[in-house]
Amino acid sequence: MKTKFYITTPIYYPSAKLHIGHAYSTVVTDVFARYKRLAGVPTYFLTGTDEHGQKIQETAEKNGKSPQQFVDDVVVGIKDLWSKMHISYDDFIRTTEPRHEKVVQQIFSQLLKQDDIYLSKYEGWYCTYCESFWTDTQIGEAKVCPDCKRAVHPEAEDAYFFRMSKYANRLVEYYEKNPLFITPESRKNEMINTFIKPGLEDLCVSRTSFSWGVKVKEDPRHVVYVWLDALTNYITALGYGSSKPELYEKFWKDPQAEVIHIVGSDITRFHVIYWPIFLMALGLRLPDRVFAHGLLMMKDAKMSKSKGNVIDPLPLMEKYGVDTVRYYLVRETVFGGDGQFSPEQFIERINTDLANDFGNLLNRTINMVNKYFQGVVPNFQGPISEFDQQLSSLTTQTIEDYQTLMNQLLITEAYAKVNQLVARANKYIDETQPWNLAKDPNKLKSLQVVMHQLIYTLYVAGTLYQPILVTTSDAFFQQLGTTTKPSLKTMSNPKVVDGLKLSQPTPLFPRLDPLIEVPFIQSTILKK
Ligand code: MSP
């Protein structure tokens, strides 16, 4: 296992408010980063915004602002959203920052000098009215501009291209040597069959038809076309190519750093084909893994502003607390597959997993320790009954499985294990019937063991939930009577809960009434 950890989200376009789909990528990445920190691994977590390009330029104009003013304003909202969601990023890179632009120019110059980049012509269908190029698919059979519906005509403009095909064999070799590089596996096959096997086309890396971008130093009529600009954020943010490359050396260059990009399946191609090829051309190491998660949809369609079916995470967090939204995002969708946001499922998930299973276990257990042992957790004595033994081994097993799964980025499975442990502990109460043990003075030791085990299991579950439940976890550990921050290390010793003085239980997650809450969530859907 590598000793350091670098993880990134996509950098988002600040063209509009972000929605719950963007929050999904960011929350999952945040949970991985928090997990690694909990495991004591030096971790660096990067997010940011991809601020150049024609679309941003046009949207700014429509809003009567300069592109810079426009993105500055949108970024305030994005940072505010991440702060409300308790996203623990170490850095937020904006591609309009000088630290990024300068290095993009350097990279472009180097690739040009090496003849990986060359000048040619970009050909496409042009709409004079919109001043935009379109592809065959975009104009369809009618050959009209998808935006204004006017006729388009074939046109060519000077553009720089990157020689992709030169690196295709090396890329496929890298895939073969690193079978986990692209996950899920199905996306890898899609990439090879759809893009690499038919022959990689050279990629257009500059444009002259708009000006909002990083200028090509050697030929300032051109701006660097978005993907070369955008992808390099992952290293410019670390100081690559600058006078302060320490973070780059620690979290990228060093082979002991595990480098992971979390992206949505819509941008897999750019991350598993273009990005590694750019890095090869620059003579730099490649990321260890690109995990392409699926997209969150609404019942019958992709979430999109133009369809008016976008879920805004803010009102949900205001009403139900940030942790419920974080939990739903991590737990509901199988990581790697597409998901569906539904208000009913949101309520159901919170009620079942958090209010009933986890919340109830905490409540019942604290009440019993208060009643039978004046709120003081009995010391560890080891299992007595078969039930004690079963819960104890499951707890140990869960600690191990959880870490193995999280290290493999199998986050859904990792949290399913924690849920199972909580469910098992609830069943253990029914099996051991502490209220009967309490009636018989000869069963005192058994009762002590049961109470200790329940508290310890809660402690473990609470620690493993901590990367997700960032605000309630303080209240949770307070109820368990401890203020020291748990870690994966301290958690492995059952004695950690010996003698804790518990507080009065207060429900962490009140049960939600679907008849009231479903219509509320529906009313928050952002209309056009
Ligand atoms: N700027 C590029 C990415 C450059 S990365 C070097 C971009 N930006 S974006 O704002 O369109 O964000 C795309 C990412 O947001 C997706 O890859 C995905 O991670 C996330 N999502 C956007 N909509 C989503 C859903 N409906 N569901 C899940 N994730 C979604 O592309």
Side-chain angles (χ1 to χ4, degrees), residues 7-30 32 46-56 59 71 74-75 77-78 81-82 85 87 92-96 100 104 107 183 187 203 205 212-214 224-238 259-279 287 290-313 325 328-330 332-342 411 525-526:
I7 193 161
T8 67
T9 70
I11 49 169
Y12 305 102
Y13 293 128
S15 48
K17 242 173 117 169
L18 299 188
H19 57 63
I20 202 147
H22 306 103
Y24 177 60
S25 309
T26 306
V27 166
V28 168
T29 310
D30 185 56
F32 283 124
L46 176 72
T47 189
T49 37
D50 185 0
E51 306 193 349
H52 293 125
Q54 190 168 12
K55 191 160 170 221
I56 302 263
T59 318
V71 292
V74 178
V75 166
I78 294 179
L81 174 64
W82 295 157
M85 297 201 93
I87 303 302
F92 188 108
I93 178 101
R94 301 181 55 187
T95 55
T96 52
H100 175 77
V104 170
I107 289 175
T183 331
R187 313 251 190 237
L203 179 76
V205 289
W212 180 238
V214 179
V224 178
Y225 188 49
V226 287
W227 285 96
L228 181 60
D229 172 11
L231 289 161
T232 49
N233 89 87
Y234 299 131
I235 52 176
T236 60
L238 296 178
V259 174
I260 293 184
H261 299 305
I262 303 292
V263 301
S265 54
D266 52 337
I267 54 174
T268 317
R269 176 161 59 112
F270 305 101
H271 284 80
V272 303
I273 299 179
Y274 304 143
W275 178 226
I277 288 183
F278 292 151
L279 289 165
V290 173
F291 195 106
H293 65 68
L295 298 184
L296 284 191
M297 320 277 215
M298 295 304 279
K299 215 191 287 151
D300 25 48
K302 208 182 146 187
M303 219 180 278
S304 89
K305 226 182 145 206
S306 54
K307 290 204 186 87
N309 63 354
V310 171
I311 296 282
D312 180 355
V325 178
Y328 173 82
L329 289 175
V330 172
E332 182 67 19
T333 302
V334 176
F335 193 47
D338 283 336
Q340 205 188 76
F341 181 91
S342 105
I411 194 169
I525 295 178
L526 291 180

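Counting starts at 1 for both ligands and their atoms, in listed order. Worth saying up front: this structure is predicted, and the values here are computed from it rather than measured.
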> Looking at I267, which atoms of ligand 1 are within less than 4.0 Å of one of its heavy atoms?
Replying inline: 3 (C), 17 (O), 31 (O)
> Measuring from I7:CD1 to I262:CD1, what's the distance to the nearest 0.5 Å?
Replying inline: 4.0 Å
> ligand 1 versus L296, non-hydrogen atoms closer than 4.0 Å: side chain, backbone, both, neither?
Replying inline: both
> Under 30°, 30 to 60°, or over 60°: which ring-plane class applies to H293 and Y24, parallel, tilted or perpendicular?
Replying inline: perpendicular
> What's the shortest distance from atom 30 (C) of ligand 1 to any protein heavy atom, and which residue and atom give it?
Replying inline: G21 O, 3.4 Å
>> Among all the protein's non-hydrogen atoms, which is closest to atom 3 (C) of ligand 1, and how far away is it?
In response: I11 O, 3.2 Å
> Which of the numbered atoms in ligand 1 are below 4.0 angstrom from a heavy atom of Y12?
Replying inline: 8 (N), 10 (O), 12 (O), 14 (C), 15 (O)
> Which residue supplies the protein heavy atom nearest to atom 20 (C) of ligand 1, what is that atom called, and how far is it?
Replying inline: S25 OG, 3.4 Å
> Taking C-beta and beyond as the side chain, do I267 and P10 meet within less than 4.5 Å on heavy atoms?
Replying inline: yes
>> Is the contact between H271 and ligand 1 made by the side chain, the backbone, both, or neither, using heavy atoms and a 4.0 Å cut-off?
In response: side chain
>> Show the nearest heavy-atom pair for residues I11 and D50, with the distance to one decimal.
In response: O-CB, 3.5 Å
>> Could you identify the single nearest non-hydrogen protein atom to atom 7 (C) of ligand 1 and state the distance to 0.1 Å?
In response: Y13 CE1, 3.3 Å
> Going by distance only, is there an N or O of G264 that falls short of 3.5 Å from an N or O of ligand 1?
Replying inline: yes
> In Å, rounded to the nearest 0.5 Å, how long is the span from CD1 of I107 to CD1 of I235?
Replying inline: 4.5 Å
> Closest approach of R187 and S265, non-hydrogen atoms and distance?
Replying inline: CZ-CB, 3.4 Å
> When you look at F341 and T333, which way does the side-chain contact (heavy atoms from CB on, under 4.5 Å) test go after all the steps?
Replying inline: CA-CA 9 Å; F341 181 91; T333 302; over 6 Å; no
>> Please determine whether any non-hydrogen atom of W227 lies less than 4.0 Å from an atom of ligand 1.
In response: yes
> For atom 6 (C) of ligand 1, which candidate among Y274, Y234, F341 holds the nearest heavy atom?
Replying inline: Y234
>> Run H261 and F291 through ring pair (Phe, Tyr, Trp, His ring centres under 6.0 Å) and show every step you take.
In response: CA-CA 6 Å; H261 299 305; F291 195 106; over 10 Å; no
> Which of the atoms of ligand 1 are close to G294, meaning less than 4.0 Å from one of its heavy atoms?
Replying inline: 28 (C)
> So which of D266, V226, T268, V263 gets nearest to atom 16 (C) of ligand 1, if we judge by its closest heavy atom?
Replying inline: D266
> Going by the atom numbers of ligand 1, which of them fall below 4.0 Å from some non-hydrogen atom of H19?
Replying inline: 23 (N), 24 (C), 26 (N)
>> Set out, in order, the CA-CA distance, both residues' side-chain angles and the distance that settles side-chain contact (heavy atoms from CB on, under 4.5 Å) for T49 and I78, then state yes or no.
In response: CA-CA 9 Å; T49 37; I78 294 179; 3.7 Å; yes
> Should the pair W227 and F270 be assigned to parallel (<30°), tilted (30 to 60°) or perpendicular (>60°) ring geometry?
Replying inline: parallel
> Quick one: which ligand 1 atoms are inside 4.0 Å of a heavy atom on D50?
Replying inline: 1 (N), 2 (C), 4 (C)
